[in-house]
Amino acid sequence: MSEPMTLAIDCGGGGIKGSVVDERGTMIAPAIRTPTPYPLPPELLIEVAQDLANKLPQADRVTMGMPGMIRHGVVVATPHYITRSGPRSKVVPELVERWDHFDMRGGIERALGLPTKVLNDAEVAGAGVITGTGLEMIITLGTGLGNAVFDSGVLAPHVEVSQGFVRWGLTYDDYIGEHERLRLGDAHWSRRVRRVIDGLRPMYMWDRLYLGGGNSKLITSGHRARLGDDVIIVPNDAGIIGGVRAWSL
């Protein structure tokens with residue numbers, strides 16, 4: 001039998017990208033990216049996924065990673081997609097209602113006719129980088145902060161760290177998200193990232209922490225050297241590559 005091909009879709013606050021990956025985690029086609037459209041009701045996200053699928057090689061199954069609290073493919077809450085024009089813009093009550101417990105897995109399966117897994121985007125990225133040994137955590141740095149925890153390769157129940165408060169009434173999303181990086185500059189922002197890691201370390205007591213997402217590579221060299229030996233920076237394509245291993249979690 002031929003190996004299964006996985007359409008992996010990585011949904012972020014600023015962009016949605018996808019590719020098709022073989023069972024070894026190798027992309028068989030270059031990733032395609034499109035800006036995240038706003039306002040974004042769930043039906044429009046499904047249309048974006050369909051458009052990506054139409055431009056990529058045929059797959060046998062789908063993995064979608066998206067921001068927020070996702071349980072069994074159902075969106076409990078998503079922080080960016082309920083806004084009028086993207087992160088930090090006005091929340092639209094109608095979108096809050098439409099996203100509330102929306103069955104995204106069922107919607108994608110009906111639209112594409114393929115078995116589908118929908119997970120938090122950091123959970124998919126983590127699946128692409130973990131060793132499967134010990135307590136491993138991933139934090140993704142992009143529009144906001146994503147996170148996932150794995151115990152001996154098994155995905156732990158999701159906690160939305162991004163919505164917790166850090167200081168001055170700011171959530172983690174607010175404190176080290178892209179908006180603050182642009183406002184502060186990379187050096188000051190990198191100091192905040194290190195402060196967050198130092199604060200989370202005694203809470204999770206991980207064996208390894210992975211830093212992923214598009215902004216992890218922007219941590220300045222001085223702060224990178226002080227992150228600790230238990231912290232590993234990983235490529236941003238983990239959100240695509242993890243689409244395969246997500247099926248064996």
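Heavy atoms only: backbone and side chains are in, while hydrogens, waters and symmetry mates are out.
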Worksheet item: Where the side chain of Thr36 meets the backbone of Gly15, is there a donor-acceptor pair that is under 3.5 Å apart?
Response: yes
Worksheet item: Shortest non-hydrogen contact from Ala122 to Gly146?
Response: CB-C, 3.7 Å
Worksheet, complete the sentence: When rounded to the nearest 0.5 Å, the distance separating OG1 of Thr220 from CZ of Arg194 is 8.5 Å
Item to complete: Take atom NZ of Lys217 as the centre, draw a 6.0 Å sphere, and report whether it contains more than 12 heavy atoms from other residues, nucleotides or ligands.
Response: yes
Discussion item. Please say yes or no: joined through hydrophobic side-chain contacts below 4.5 Å, possibly via intermediate residues, are Leu52 and Ile240 part of one cluster?
Written reply: no
Item to complete: Output, in order, the C-alpha distance, side-chain angles, deciding distance and verdict of side chain to side chain contact (heavy atoms under 4.5 Å, CB included) for Ile138 and Leu211.
Response: CA-CA 6 Å; Ile138 184 169; Leu211 292 182; over 6 Å; no
Practice prompt. Say whether, by atom type as modelled, one donor and one acceptor occur between the side chain of Asp174 and the main chain of Thr171 under 3.5 angstrom.
Written response: yes
Worksheet entry | Cluster link Ile176 to Ile233, ILVMFWY, side chain under 4.5 Å | yes
Discussion item. One pair to check against side chain to side chain contact (heavy atoms under 4.5 Å, CB included): Thr133 and Arg208. What are the steps and the verdict?
Written reply: CA-CA 9 Å; Thr133 303; Arg208 280 170 302 282; 4.0 Å; yes
Response to the item:
When every non-hydrogen atom of Pro41 is compared with those of Pro39, the smallest separation belongs to CD-O, 3.4 Å
Item to complete: Report yes if some heavy atom in the side chain of Met66 is under 4.5 Å from a heavy atom in the side chain of Met104; otherwise report no.
Response: yes
Worksheet item: Is the shortest heavy-atom distance from the side chain of Ile232 to the side chain of Leu209 under 4.5 Å?
Response: no
Discussion item. Taking the side chain as everything from C-beta on, heavy atoms only, tell me whether Asn215 gets closer than 4.5 Å to Trp189.
Written reply: yes
Worksheet entry | Under 3.5 Å: donor-acceptor pair, side chain of Glu3, backbone of Glu23 | yes
Worksheet item: Do Leu45 and Pro42 come close enough that some side-chain heavy atom pair is under 4.5 Å?
Response: no
Worksheet item: Applying the 4.5 Å side-chain criterion to the ILVMFWY set and letting contacts propagate, would Val124 and Ile46 be lumped into a single cluster?
Response: no
Worksheet entry | Within one Ile-Leu-Val-Met-Phe-Trp-Tyr cluster: Leu155 and Met64, side-chain cutoff 4.5 Å | no
Practice prompt. Output, in order, the C-alpha distance, side-chain angles, deciding distance and verdict of side chain to side chain donor-acceptor pair (under 3.5 Å) for Trp247 and Thr63.
Written response: CA-CA 8 Å; Trp247 284 81; Thr63 302; 2.8 Å; yes
Worksheet item: For the atom pair CZ (Arg245) and OG1 (Thr6), what is the distance rounded to the nearest 0.5 Å?
Response: 13.0 Å
Worksheet entry | Qualifying residue for side-chain hydrogen bond (donor to acceptor under 3.5 Å, both in side chains) with Asp173, from His179, Gln163, His80 | Gln163
Practice prompt. Measure the CG-CE distance between Leu200 and Met203 for me, rounded to the nearest 0.5 Å.
Written response: 5.5 Å
Worksheet item: Between Tyr210 and Glu136, is any side-chain donor less than 3.5 angstrom from a side-chain acceptor?
Response: yes
Worksheet item: Would a 4.5 Å heavy-atom cut-off, applied to side chains only, mark Arg105 and Val74 as touching?
Response: no
Worksheet item: Which heavy atom in Ala29 sits nearest to a heavy atom in Pro57, and how many Å separate them?
Response: CB-CD, 3.7 Å
Practice prompt. Carefully, step by step, assess Arg191 and Val193 under the rule side chain to side chain contact (heavy atoms under 4.5 Å, CB included).
Written response: CA-CA 5 Å; Arg191 186 182 304 120; Val193 171; over 6 Å; no
Worksheet item: Less than 4.0 Å between a side-chain N and a carboxylate O, is that true for Asp198 and Arg201?
Response: yes
Fill in: Spacing of CD belonging to Glu109 relative to CG belonging to Asp103, to within rounding of 0.5 Å
8.0 Å
Worksheet item: Taking the six-membered ring for Trp, are Phe102 and Trp99 parallel (under 30°), tilted (30 to 60°) or perpendicular (over 60°)?
Response: perpendicular
Fill in: Shortest non-hydrogen separation from Asp100 to Val76 and the atoms involved
OD1-O, 3.8 Å
Worksheet item: With the threshold set at 4.0 Å, does a side-chain nitrogen-carboxylate oxygen contact exist between Asp10 and Arg33?
Response: no
Response to the item:
The reported gap from CG in Asn120 to CZ in Arg71 (rounded to nearest 0.5 angstrom) is 12.0 Å
Worksheet item: Under the 3.5 angstrom rule, does the side chain of Asn236 hit a backbone N or O of Gly214 as a donor-acceptor pair?
Response: yes
Worksheet item: Is Asp51 reaching over with its side chain to a backbone N or O of Glu47, donor-acceptor style, under 3.5 angstrom?
Response: no
Worksheet item: If you take all heavy atoms of Leu44 and Pro37, which pair is closest and at what distance?
Response: CD2-CG, 3.9 Å
Discussion item. Nearest 0.5 Å, please: how far is CH2 in Trp168 from OH in Tyr175?
Written reply: 5.0 Å
Worksheet item: Hey, are Arg84 and Ser89 close enough side-chain-wise for a donor-acceptor pair under 3.5 Å?
Response: no
Discussion item. Show the nearest heavy-atom pair for residues Gly153 and Ile130, with the distance to one decimal.
Written reply: CA-CD1, 4.0 Å
Worksheet item: Quick check: does any side chain N or O of Thr26 sit under 3.5 Å from a backbone N or O of Asp22, one acting as donor and the other as acceptor?
Response: no
Discussion item. Within the 4.5 Å heavy-atom criterion, are Val20 and Gln58 side-chain neighbours or not?
Written reply: no
Practice prompt. Report yes or no: do Leu7 and Ile28 belong to one cluster of Ile/Leu/Val/Met/Phe/Trp/Tyr joined by side chain heavy-atom distances under 4.5 Å?
Written response: yes
Worksheet item: Under 4.5 Å between any side-chain heavy atoms of Thr116 and Arg61, yes or no?
Response: no
Worksheet item: Passes side chain to side chain contact (heavy atoms under 4.5 Å, CB included), Leu114 versus Val62? Steps please.
Response: CA-CA 7 Å; Leu114 296 173; Val62 182; 3.8 Å; yes
Worksheet item: Taking C-beta and beyond as the side chain, do Tyr172 and Asn147 meet within less than 4.5 Å on heavy atoms?
Response: no
